[in-house]
K.L.:
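This is the structure I have questions about; it appears just below.
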Amino acid sequence: MWAGWRSLWEGEEAPHVLAAVRILLGLVLLYDFLSMASLGLVEPLFSSIQDGGWSVSLVERPPPLFTWLPDGPVAAWTVWGTMLACTLAFTVGLRPQVAALVLVLLWAQLRVITPGADRGIDTLARNVLLIMACSGAGEAWSVEAWFRPLKEQVSSWPRRLILVQLVAMYFLAGIQKNGFAWYPPGHFAALYFVLQDPAIARFDMSFVRDQPFFVLTQLGTAVTLLFQDSYPLVLLFRYLRWTAERGGRLRAWANRFPFEWVWVGTGAFFHLALAVTTELGIFPWAMMALYPVWLHPREARALWGRLRGA
Amino acid sequence: MSWSWSDTRALLIALVLVPNLIFGLPIPKPVTQRALQTPQRQRELTEWTRTLQQLGFDVTEEQVGTATIAATTRAASLHRQLKAPFYPLVRTLGVNQAWPLFAAATTTPTRLTVEVVRRDGQRVTWFRRNDPDHRWNDRFFRYRRVRGVYDVTGARPGPAYDPFTRTVAEAAFAEDPDVVEVIVSLHPVPLTFPWEPPLPEGRALHRRVHRRSEAR
């Protein structure tokens with residue numbers, strides 16, 4: 001069993017998929033941090049209520065970093081500016097490992113000082129950044145190439161661990177759904193209610209009360225639940241493909257069709273649908289930025305070749 | 001067999017996954033008697049009790065409520081103990097594995113509303129979430145981090161809500177010198193099934209009034 005576990009994390013591959021995740025996630029985060037500034041939110045989010053900000057905990061229990069910095073706007077702009085610089089460095093591949101680690105440490109302060117403003121996608125991004133901080137994501141498409149030769153092969157485990165993180169997020173989101181509206185007693189009306197929530201819907205969607213929209217939301221709810229609760233099957237299909245040489249009827253069946261892409265495709269469709277209908281900010285885009293990890297660099301190269309040839 | 005770098009790496013990944021697994025355990029937050037009184041929870045309670053009754057269980061809403069409080073309190077307490085050793089690390093890095101994405105789609109969401117009172121006593125609505133006729137500073141209110149501050153589904157808003165309303169008021173005062181008072185509130189929007197009659201918006205909750213004379 002130990003040998004099996006160990007072999008899961010062995011191996012090397014080209015760094016391009018991790019580099020793609022680095023760039024895509026970095027661009028999404030850059031957009032978010034710049035939005036924060038353009039909306040005049042740097043001082044409110046990173047300052048205490050005494051300095052005109054929104055943070056109560058900066059007065060009651062300031063995290064260590066803020067006890068070292070001067071009070072008020074200077075601290076707010078210093079933390080935000082460093083976060084932006086780290087995100088930029090991470091995106092362009094300038095010491096991306098150090099940049100990711102510093103970004104996580106600073107970003108985590110926001111969760112402590114203004115908890116409501118730190119959402120689930122912030123947590124997920126920090127989880128992934130910590131993995132990226134241990135990866136060779138800077139070994140392709142990075143400005144480091146100006147200073148040193150880049151490695152052609154990097155460890156595969158960070159990409160696999162991000163994949164596990166995606167599976168864990170979808171699966172846990174599924175089994176943590178306890179509201180009646182997700183289940184038959186609530187007529188699978190969860191999406192119907194979500195789409196009418198004025199704080200979440202992108203526009204007035206009261207039309208979902210009418211048919212066929214209500215039935216479509218019911219179908220969407222049921223599919224969401226089925227998709228999330230069954231997500232670990234993706235890992236099983238991956239494993240069966242990975243160990244195809246061992247033979248057996250199940251492996252032969254699983255290798256006949258890339259079944260995991262049903263889940264990956266469904267997830268992508270839902271994220272795009274959420275981006276159109278709801279106001280969840282960077283959530284769908286940050287999730288989609290992680291999707292390249294579904295491809296082995298070899299598969300990514302083959303896909304790129306097919307797309308260019310088409 | 002000798003210990004290799006592959007073994008060390010596999011061990012380190014396993015050690016990292018242990019706290020992640022603990023934090024990811026699908027254990028709901030403890031439900032309190034007070035929390036159970038919110039319209040959303042009351043509706044959940046009614047529907048789940050009805051389902052249990054249809055399945056042949058002879059239970060009342062009160063019994064289901066009491067059992068929910070007891071079970072969630074006990075489970076959450078155990079979960080807290082398991083998580084305790086990892087709290088410093090989790091807090092420092094801001095990581096977690098709890099993903100309650102729309103775990104209970106609310107049937108009683110609220111609509112943020114910003115009204116102003118002018119010097120002549122006229123009261124005007126400047127912003128009403130998702131109302132195309134009242135879109136003052138719409139981009140600001142739509143931003144996810146701002147929504148997280150005012151999107152209240154529990155019994156009371158978070159600590160950032162009051163200072164947030166003050167920021168909104170300051171922006172209104174700065175924009176129009178005739179504005180003497182700013183009222184920020186959340187209006188409950190009770191949602192019903194298509195076969196139920198629609199309900200009107202409820203009375204304003206968490207109403208905060210800011211006067212220019214008291215502004216900083």
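In what follows, every heavy atom counts, from backbone to side chain, and hydrogens, waters and symmetry copies are set aside. Throughout, a chain's letter reflects where its sequence line sits, starting with A, and its residues are numbered from 1.
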K.L.:
What I'd like to find out is whether the side chain of Pro132(B) reaches to under 4.5 Å of the side chain of Phe203(A), using heavy atoms alone.
P.N.:
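No, side chains not in contact.
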K.L.:
If you measure from CG on Leu93(B) to CZ on Arg126(A), what distance do you get to the nearest 0.5 Å?
P.N.:
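So the CG of Leu93(B) and the CZ of Arg126(A) are separated by 9.0 Å.
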K.L.:
Which residue out of Ala105(B), Gly148(B), Pro198(B) racks up the most heavy-atom pairs below 4.5 Å with chain A?
P.N.:
Gly148(B)
K.L.:
So which residue, Val56(A), Leu124(A), Asp204(A), Leu161(A), ends up with the most heavy-atom pairs under 4.5 Å with chain B?
P.N.:
Leu124(A)
K.L.:
Mind ranking Gln211(A), Glu10(A), Gln109(A), Met205(A) by heavy-atom pairs under 4.5 Å with chain B and telling me who comes out on top?
P.N.:
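Of Gln211(A), Glu10(A), Gln109(A), Met205(A), Glu10(A) has the most heavy-atom pairs under 4.5 Å with chain B.
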K.L.:
For a side-chain contact (heavy atoms from CB on, under 4.5 Å) check, start with the C-alpha distance between Ile121(A) and Arg144(B), then their side-chain angles and the critical distance, and finish with the verdict.
P.N.:
CA-CA 10 Å; Ile121(A) 194 61; Arg144(B) 66 192 186 96; 3.3 Å; yes
K.L.:
Measure distances from Ala171(B) to the heavy atoms of chain A and classify the residue's part below 4.5 Å as side chain, backbone, both or neither.
P.N.:
neither
K.L.:
Decide side-chain contact (heavy atoms from CB on, under 4.5 Å) for Leu110(A) and Arg145(B); before the verdict, give the C-alpha distance in whole Å, the side-chain angles of both, and the deciding distance to 0.1 Å.
P.N.:
CA-CA 11 Å; Leu110(A) 182 62; Arg145(B) 297 187 193 279; 3.3 Å; yes
K.L.:
Decide whether Thr192(B) and Arg209(A) meet the rule of one side-chain donor and one side-chain acceptor closer than 3.5 Å.
P.N.:
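Yes - a donor-acceptor pair under 3.5 Å links their side chains.
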K.L.:
Compare all side-chain heavy atoms of Tyr143(B) with those of Met36(A) and state whether any distance is below 4.5 angstrom.
P.N.:
yes
K.L.:
What's the shortest heavy-atom distance between Glu44(B) and Phe180(A), and which atoms?
P.N.:
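Distance-wise, the nearest heavy atoms are OE1-N, 2.8 Å.
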K.L.:
Taking atom OH of Tyr31(A) as the centre, report whether more than 12 heavy atoms of other residues, nucleotides or ligands fall under 6.0 Å from it.
P.N.:
no
K.L.:
What distance separates Asp122(A) CG from Asn96(B) CG, expressed to the nearest 0.5 Å?
P.N.:
12.5 Å
K.L.:
Which region of Thr114(A), side chain (C-beta onward) or backbone (N, CA, C, O), has a non-hydrogen atom less than 4.5 Å from a non-hydrogen atom of chain B, or is it both or neither?
P.N.:
side chain
K.L.:
Could you report the tightest heavy-atom contact between Arg202(A) and Asn130(B), atom names first, then the distance?
P.N.:
O-OD1, 3.3 Å
K.L.:
Between Arg111(B) and Asp197(A), is there a side-chain N and carboxylate O pair less than 4.0 Å apart?
P.N.:
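No, no charged N to carboxylate O under 4.0 Å.
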K.L.:
Go through Pro64(A), Gly179(A), Ser55(A) and name the one with the most non-hydrogen pairs under 4.5 angstrom from chain B.
P.N.:
Gly179(A)
K.L.:
Calculate, to the nearest 0.5 Å, the distance between atoms OH and CH2 belonging to Tyr183(A) and Trp48(B) respectively.
P.N.:
6.5 Å
K.L.:
Any donor-acceptor pair under 3.5 Å linking the side-chain atoms of Arg139(B) with those of Ser38(A)?
P.N.:
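Checked: Ser38(A)/Arg139(B) side chains pair up, N/O donor to acceptor below 3.5 Å.
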K.L.:
As an exercise: rank Gly281(A), Ala117(A), Pro63(A), Ala190(A) by heavy-atom pairs under 4.5 Å with chain B and give me the winner.
P.N.:
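Going by pairs under 4.5 Å, I would pick Ala117(A).
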K.L.:
Is Trp182(A) in contact with chain B via its backbone, its side chain, both, or neither, using a 4.5 Å heavy-atom distance?
P.N.:
side chain
K.L.:
Can you name the nearest heavy-atom pair linking Arg147(B) to Leu280(A), along with the distance?
P.N.:
NH2-CD2, 3.5 Å
K.L.:
I'd like to know which of Leu191(A), Val112(A), Leu130(A) tops the heavy-atom pair count under 4.5 Å against chain B.
P.N.:
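Highest number of pairs under 4.5 Å: Leu130(A).
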K.L.:
Can you name the nearest heavy-atom pair linking Arg166(B) to Ile49(A), along with the distance?
P.N.:
NH2-O, 3.6 Å
K.L.:
What part of Asp210(A) gets within 4.5 angstrom of chain B, counting heavy atoms only: side chain, backbone, both, or neither?
P.N.:
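It is neither, since no heavy atom gets under 4.5 Å.
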K.L.:
Is a side-chain donor-acceptor pair under 3.5 Å present for Trp54(A) with Asp162(B)?
P.N.:
no
K.L.:
From Gln196(A) CD over to Thr106(B) OG1, what is the distance, rounded to the nearest 0.5 angstrom?
P.N.:
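Those atoms lie 12.0 Å apart.
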K.L.:
At a heavy-atom separation under 4.5 Å, does Phe283(A) approach chain B through its side chain, its backbone, both, or neither?
P.N.:
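Only the side chain of Phe283(A) comes within 4.5 Å of chain B.
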K.L.:
Please look at Ser6(B) and chain A and tell me whether the side chain, the backbone, both or neither of the residue comes under 4.5 angstrom of a heavy atom of that chain.
P.N.:
both
K.L.:
Which value, rounded to the nearest 0.5 Å, describes the distance between Thr108(B) atom OG1 and Phe193(A) atom CZ?
P.N.:
10.0 Å
K.L.:
For chain A, which of Thr92(B), Ile13(B), Leu186(B) has the most heavy-atom pairs under 4.5 Å?
P.N.:
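Most pairs with chain A among the choices: Ile13(B).
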K.L.:
What are the two closest heavy atoms between Trp157(A) and Arg9(B), and how far apart are they?
P.N.:
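So the minimum-distance heavy-atom pair works out to CD1-CD, 3.3 Å.
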K.L.:
CZ of Arg41(B): more than 12 outside heavy atoms within 6.0 angstrom?
P.N.:
no
K.L.:
Start with the C-alpha distance between Trp195(B) and His187(A), add both sets of side-chain angles, then the distance that settles side-chain contact (heavy atoms from CB on, under 4.5 Å), and finish with yes or no.
P.N.:
CA-CA 12 Å; Trp195(B) 51 90; His187(A) 307 278; 3.6 Å; yes
K.L.:
Between Pro109(B) and Pro198(A), is any pair of side-chain heavy atoms under 4.5 Å apart?
P.N.:
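Answer yes - side chains close enough.
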K.L.:
Is it the backbone or the side chain of Glu196(B) that comes under 4.5 Å from a heavy atom of chain A, or both, or neither?
P.N.:
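For Glu196(B), the backbone is the part near chain A, not the side chain.
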K.L.:
Please flag which part of Leu41(A) lies under 4.5 Å from any non-hydrogen atom of chain B: side chain, backbone, both or neither.
P.N.:
side chain
K.L.:
How far apart are the closest heavy atoms of Trp99(B) and Gln165(A), and which atoms are they?
P.N.:
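Taking every non-hydrogen atom into account, CZ2-NE2, 3.9 Å.
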K.L.:
With respect to chain B, which residue among Ala189(A), Ala108(A), Ser57(A), Ala3(A) yields the maximal number of heavy-atom pairs within a distance under 4.5 Å?
P.N.:
Ala108(A)
K.L.:
Could you look at Tyr161(B) and say if it's the side chain, the backbone, both or neither that has a heavy atom under 4.5 Å from chain A?
P.N.:
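Contact with chain A involves no heavy atom of Tyr161(B) at all.
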K.L.:
Counting only heavy atoms not in Tyr87(B) (residues, nucleotides, ligands), do more than 12 fall under 6.0 Å from its OH?
P.N.:
yes
K.L.:
Let's test your reading of the structure: which of Val189(B), Asn20(B), Leu17(B), Thr167(B) forms the most heavy-atom pairs below 4.5 Å with chain A?
P.N.:
Thr167(B)
K.L.:
Could you look at Leu112(B) and say if it's the side chain, the backbone, both or neither that has a heavy atom under 4.5 Å from chain A?
P.N.:
neither
